[in-house]
Amino acid sequence: VSTAGLYLLSARKHSVNPRWGRVSAWLQVHTYMGTFASLIFLMHIGWPVRGVFELLLASCFVIVALSGIALSIMNRRTPLKLAAVAVDRSVEQIPAFRAAVARDAHTLALQSAEFGEGATLAEHYQQRLLPFFQSQRTWLYRFIPNGIQRRRVLRELNDLERYLAERGNASRSALASMVVAKDDLDYQYALQTRLRTLYALHVSLTWSLALLIGVHVVLVYRFQGAL
């Protein structure tokens with residue numbers, strides 16, 4: 001029943017008909033149904049679990065349940081974290097904006113090399129900032145977004161202040177703003193893709209669980225001689 005509720009929830013998300021009710025209400029019902037199914041699972045399963053098929057079925061159910069719990073938590077926390085970012089972008093828009101920030105940073109670094117002490121800033125950009133603007137974040141960052149690299153990059157930029165004159169520091173401040181903009185885009189991308197990936201995992205494993213449950217029911221009736 002909980003599995004069927006997930007598919008109905010997916011259908012409701014793609015429907016614009018208000019007569020179906022609010023998505024939040026459907027999600028709440030699905031959460032209750034999933035909790036009930038988990039209790040039934042714990043009561044029904046025999047401990048310890050034996051057999052390859054039984055282990056596969058139990059493992060699939062546990063992963064579905066844990067991913068559902070994680071999704072329930074993320075569905076509440078992710079919008080709050082995204083709202084804390086200055087400008088909210090959709091995951092489809094982020095690559096284009098990220099490329100634009102990288103181009104602006106590169107142009108500014110080239111321009112800074114044209115005046116005196118700006119060569120110091122241009123050299124720092126080449127060695128430290130270029131990899132930051134041009135590279136993708138690691139899978140670990142996408143799984144657990146954090147501000148460690150952002151703070152390090154900004155600290156290194158601030159350390160250049162005493163070596164630069166007025167024009168150089170103006171360029172340094174502009175680059176620092178671009179670092180913040182790039183990090184904000186990376187942060188939003190990580191939060192949104194993490195949520196989408198977990199949802200895709202939850203849905204795909206739920207389909208697999210439904211098939212395994214069907215096979216389990218057939219085998220039970222078969223061994224009981226009902227089939």
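Numbers here are sequence positions counted from 1. No hydrogens, no waters, no symmetry mates; every other heavy atom, side chains included, goes into these values.
A122 and A109 get closest at one heavy-atom pair: CB-O, 3.7 Å. For the pair R137 and N146, the tightest heavy-atom approach, listed with the atom from each and the gap, is NH1-O, 4.5 Å. The minimum heavy-atom distance between S171 and L121, with the atom names listed, is CB-CD2, 3.5 Å. Nearest heavy atoms, L154 versus A176: CD2-O, 3.7 Å. Contact detail for Q93 and R89: the closest heavy-atom pair is OE1-CA, 3.8 Å. Here the closest heavy-atom approach between residue D159 and residue R162 is recorded as O-NH1, 3.4 Å.
Between the side chain of E156 and the backbone N or O of H124, no donor-acceptor pair lies under 3.5 Å. Remark: side-chain polar atoms of Q188 are paired, donor with acceptor, to backbone N or O of V87 under 3.5 angstrom. Although no hydrogens or angles enter the test, the distance criterion places no donor-acceptor pair under 3.5 Å between the side chain of D183 and the main chain of V179. No donor-acceptor pair closer than 3.5 Å links the side chain of S72 to the backbone N or O of G68. Between the side chain of S67 and the backbone N or O of V64, at least one donor-acceptor pair lies under 3.5 Å. Looking at R194, its side chain does come within 3.5 Å of a backbone N or O of F143 through a donor-acceptor pair.
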R172/N169 under side-chain hydrogen bond (donor to acceptor under 3.5 Å, both in side chains): CA gap, chis, key distance, verdict
CA-CA 5 Å; R172 181 189 59 82; N169 274 310; 2.9 Å; yes
Determine whether L212 and F61 satisfy the following criterion, side chain to side chain contact (heavy atoms under 4.5 Å, CB included), listing intermediate values before the conclusion.
CA-CA 10 Å; L212 291 173; F61 189 95; over 6 Å; no
Run the side chain to side chain contact (heavy atoms under 4.5 Å, CB included) test on Y141 and Y187 for me, step by step, so that the C-alpha distance in whole Å, both residues' side-chain angles and the decisive distance to 0.1 Å come before the verdict.
CA-CA 9 Å; Y141 176 86; Y187 183 69; 3.7 Å; yes
Go through the steps to decide whether L160 and L157 satisfy the test side chain to side chain contact (heavy atoms under 4.5 Å, CB included), and finish with yes or no.
CA-CA 5 Å; L160 295 177; L157 270 175; 4.3 Å; yes
Between L198 and L201, is the side chain to side chain contact (heavy atoms under 4.5 Å, CB included) condition met? List the steps.
CA-CA 5 Å; L198 187 58; L201 174 67; 4.3 Å; yes
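Within the 4.5 Å cutoff, side-chain heavy atoms of R98 are placed close to those of Q136. V203 places a side-chain heavy atom less than 4.5 Å from the side chain of Y199. Counting heavy atoms from C-beta on, the side chains of L185 and V85 never come closer than 4.5 Å.
By the criterion of side-chain heavy atoms lying less than 4.5 angstrom apart, applied directly or through intervening Ile, Leu, Val, Met, Phe, Trp or Tyr residues, F41 is not grouped with F36; the two fall into different hydrophobic clusters. L57 and V62 fall within a single hydrophobic cluster, where Ile, Leu, Val, Met, Phe, Trp and Tyr are joined by side-chain heavy atoms under 4.5 Å apart, directly or via other members. Hydrophobic clustering, with ILVMFWY side chains joined whenever heavy atoms are under 4.5 angstrom apart, groups F133 together with F97. Linking ILVMFWY residues whenever their side-chain heavy atoms come closer than 4.5 Å, directly or via other members, leaves L191 and Y189 in distinct clusters. The cluster map of Ile, Leu, Val, Met, Phe, Trp and Tyr, joined by side-chain heavy atoms under 4.5 Å apart, puts M74 and L82 in different clusters.
Atom CD of E54 is separated from atom OG of S59 by 11.0 Å, given to the nearest 0.5 angstrom. We find the CD1-OG1 distance between I40 and T35 to be 12.0 Å, quoted to the nearest 0.5 Å. With rounding to the nearest 0.5 Å, the separation of CD in Q192 from CD in E92 is 7.5 Å. To the nearest 0.5 Å, atom OH of residue Y221 and atom NE2 of residue H216 are 10.5 Å apart. S173 OG to L164 CG: the interatomic distance, rounded to the nearest 0.5 Å, is 9.5 Å. Atom CG of residue L80 and atom CZ of residue R76 lie 11.0 Å apart, to the nearest 0.5 angstrom.
Classification of D186 and K182 as a salt-bridged pair holds, one side-chain N sitting under 4.0 Å from a carboxylate O.
The neighbour count for R152 CZ, taken as heavy atoms of other residues, nucleotides or ligands under 6.0 Å away, is above 12.
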